[in-house]
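In what follows, a single structure is set out as structure tokens and then discussed.
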Amino acid sequence: MAKQAQVMVVTPHPDDAEYGVAGTVARWVGDGKDVIYVVCTNGDKGTNDANMKPEELVRIREQEQLAAAKLLGVREVIFLRYPDQALEDTPEFRKEIVRLIRMYQPETVVTADPYRRYIWHRDHRITGQVTLDAVFPYARDLLAYPDLLKEGLNPHKVREILLWGSEEPNYRSDITDTFDIKVAALRCHKSQVGDNPSSNLEQWLRQRHEKMAEGEDFELAEAFHRVEIWW
Ligand SMILES: [Zn+2]
């Protein structure tokens, strides 16, 4: 039943994982780890083009996400396809995340920090909160979902959570060697970042990740709030 992967990335929209963790994902894959993506919403509000049909945008963004994941070496991408800007903290959504955690048994779960204050996309806040709740207590507890037990999906203890977008980062991951692939993965999201290779995306990202690496002995970092779980 289980298809084990060491890392599960739970992303609100197609492209958020690339901004948040793609450099680290590329490093993990290079180290031989299996990484899977869970994409919660279909991203159907992510355009300024008045002529773009939402269903067409969904199709485009899934293709962009698959291309980025392929480039990074992500093993599998699971699309939950909730409507963009309409994600809610529901028992159904939580159970879907629990089901996937039990199925893939990740050591590390990566998602958006739900505790970023004031201006933060509601889908990001809800994805982060529901994922944290799914890790503990729901994925862990034997009696949380008797029906999942019957399906052979036993409790699982995640070891580590990394939250991107945190106001209180306490862990910086070295992406100096994987920065270029992160930029390339972001460029796969053409509907979001445009398709002009001479745009200042790379420069903007470099400054952002240099700042995240301040105080470290490497040049470029992705910063997270890291929670280690001692069960
Ligand atoms: Zn997003």
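Side chains are part of it too, since the values below use all heavy atoms of this structure and drop only hydrogens, waters and symmetry mates. Residue numbers run from 1 in the order of the sequence given. Whatever order the structure lists them in is the order used to number ligands and atoms, beginning at 1.
- Applying the side-chain contact (heavy atoms from CB on, under 4.5 Å) test between Val135 and each of Ile97, Thr111, Val109 identifies Val109 as the sole match.
- Closest to the Zn ion (ligand 1) among the N, O or S atoms of His124 is NE2.
- In terms of modelled atom types and a separation under 3.5 Å, the side chain of Trp164 and the main chain of Glu222 share no donor-acceptor contact.
- Metal site remark for the Zn ion (ligand 1): Asp16 contributes an N, O or S atom at a distance under 2.8 Å.
- A parallel orientation is assigned to the rings of His124 and His121, their planes being inclined by less than 30° (bins at 30° and 60°).
- The atom of His13 that is an N, O or S and sits closest to the Zn ion (ligand 1) is ND1.
- Relative orientation of the Phe136 and Trp231 rings is tilted, given thresholds of 30° and 60° on the angle between their planes.
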